[in-house]
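These notes concern the structure reproduced below.
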There are 2 protein chains.
Amino acid sequence: MMPNRTEYEDGRIIPLTLSAQVADRLRNWVLLGDLAPGEVLVERVLSEKLGVSRTPMREALQMLGREGLIAITPNRRPRVASPGLSDILELLEVHRLVEAHGARLAAKQISQAALTDLQRLLDEMELSGTRRGELEFFELDMAFHRQIVEASGNATLIETHSHLNARLYRTRFLSTQTISGRPLMQAQHTQILEALRARDADRAQARVEEHLHQLGRNITAIFNESKQGKGTGPQPGKTS
Amino acid sequence: MMPNRTEYEDGRIIPLTLSAQVADRLRNWVLLGDLAPGEVLVERVLSEKLGVSRTPMREALQMLGREGLIAITPNRRPRVASPGLSDILELLEVHRLVEAHGARLAAKQISQAALTDLQRLLDEMELSGTRRGELEFFELDMAFHRQIVEASGNATLIETHSHLNARLYRTRFLSTQTISGRPLMQAQHTQILEALRARDADRAQARVEEHLHQLGRNITAIFNESKQGKGTGPQPGKTS
DNA sequence: TACTGTCATAGTGTATACCAAATCTGCTCA
DNA sequence: TGAGCAGATTTGGTATACACTATGACAGTA
């Protein structure tokens, strides 16, 4: 996902603490589904598996808990979060609000280099959609959205967006699997980029909103399918 | 602040973990200024002072770090955050976005009881403005804003708003001290409530935006004063 | 004076061991 | 089948130890 092993601070490079590294690994496991929603996590087992002591493992679990990726209840074993559809739609609404605003800000000041980069991502997605694996398409998609918000230049907005996105990550990944929706998504991506190029803040905002509304519809469809299908929908168990 | 000592979960009441209790106390110290911005925190000293071991203290510090109230860097002692004006304005922009959207949602579905409660808060603020202490006015103000967002019914929105607000807490408290601005603020509060009563989502959103823009101006003024005044502006030291 | 390098001290990050209290699991019995 | 119980697990918290990093004071140098 993110090749996070170091961290900046006034130019010096400081290695991440062990807790943070463990959190990174766990996060990837959750996001990619190696740890299934609802699955129970046992501190000692995990810490042995990763060869670290309980202390950094506890801290890592706390981190993911605060990010909403796992549900932590006092005295109980943590579980991988498995939000219901309504939780996800609530999340998505705020996420949409934030990202759309990011696009609005970005339209006013995005650099030429960033625009070129976004175009490159779109091109690669075009190829990826037909030829390559789904994970790659997904990651390009994520990068596209992230870069737009980063172009807003508002650190708080970027951080908030990234937190919300982390919680939606798994769901969005599943959504990407449904290849049928891709052409529409791609067309919308193009429209967003056009609006940014035109420095049209209103349009950029509207296009992003539209796009994420569409995402909401896709997710709803997937959720309902898996629910009636073989009952393998997300388990109960709250999202902390 | 919040009388948090217990927590719900399917009806049973479970006491907060020690870490959470410690975090609550530290948070209050930071928000009320008992721990000054930029001040250095030492794990061992704090844990002794509160009579707990390092483990829960570390967890509490991590929590506040995530909330943006203290800045944590590996191997270094945590510091109470002391954001610069630009940081605060960025925060406020996102905060405004979230709260305004909350008001929009709230307008559509706020209960009669909640409206009555908001009116009560306004009335008390009116009294408080002339007769009582400033801390009380401030807390009523905070409660007013919080309740509006809570009326939105979107848990993610509420949570995000509360996080952002926590980071702005200290600054907003200082802003409240400037009594000269109160009549305007109060008038705006009334307008917001009127819009909610009228179930006018657009107007509610607009009024909240206006109000928080005004807050931004107040904060900017205060910040500049204190900076040129006696140089007692916020210290350097980043916000994590 | 201003700068640079050294060094002791202080403080965090991590490992370990241990205990109390809560939870979980499987069994028994109705 | 389901309620209730007891023992095994597991977490929350304490205490301690130690390696490694950062910090600040000091001495030496230009």
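Within every chain, numbering begins at 1; the chains are lettered A, B, ... in the order of the sequence lines, protein sequences first and strands thereafter.
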Check nucleotides 19-24 of chain C for protein N or O atoms closer than 3.5 Å to its own N or O atoms and list the pairs.
from: C/dC24; atom 1: O3'; to: A/R77; atom 2: NH2; distance (Å): 3.1

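- If you take CZ of B/R79 and P of D/dA22, they are 14 Å apart, rounded to a whole angstrom.
- Between the CE atom of A/M57 and the P atom of C/dG13 there is a distance of 17 Å, rounded to whole Å.
- Taking atom CG on A/L41 and atom P on D/dG12, their separation rounds to 12 Å, with Å as the unit.
- In this structure, B/T55 reaches the bases: a heavy-atom distance under 4.0 Å links it to at least one base atom across the strands shown.
- Of the charged side-chain nitrogens involved, none lies within less than 4.0 Å of a carboxylate oxygen, so that B/R96 and B/E90 do not count as a salt-bridged pair.
- Between A/L41 and A/R79, the closest side-chain pair of non-hydrogen atoms is not below 4.5 Å.
- When the side-chain nitrogen and oxygen atoms of B/S19 are compared with OP1 and OP2 of D/dG12, none of them lie within a distance under 4.0 Å.
- Of the listed nucleotides (C/dT14, D/dG12, C/dG11), D/dG12 has the atom at the smallest distance from the side chain of A/E43.
- Using a 4.0 Å cut-off between charged side-chain N and carboxylate O, B/K49 and B/E43 make no salt bridge.
- Atom-to-atom, CD1 of A/I72 to P of D/dT10 comes out at 17 Å; the value is rounded to the nearest Å.
- At whole-Å resolution of the value, CD in A/E48 and C1' in D/dT10 are 13 Å apart.
- The main-chain N or O of A/A114 is found under 3.5 Å from a side-chain atom of A/S111 such that the two form a donor-acceptor pair.
- B/L61 has its CG atom 14 Å from the P atom of C/dG11, to the nearest Å.
- Residues A/V52 and B/V42 both approach DNA chain C. Their nearest nucleotides, taken by heavy-atom distance, put B/V42 toward the 5′ side.
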Exercise. Evaluate side-chain contact (heavy atoms from CB on, under 4.5 Å) for A/R66 paired with B/E67, printing each intermediate quantity in order.
Key: CA-CA 10 Å; A/R66 277 173 242 135; B/E67 290 174 21; over 6 Å; no
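- For A/G216 against A/L89, the heavy-atom pair with the smallest separation is O-CD2, 4.3 Å.
- With contacts defined as side-chain heavy-atom distances shorter than 4.5 Å, the pair A/E93/B/H101 qualifies.
- Regarding B/Q21, its CD atom lies at a distance of 14 Å from the P atom of D/dG12, rounded to whole Å.
- Atom CG in A/L16 sits about 16 Å away from atom C1' in D/dT21, given to the nearest Å.
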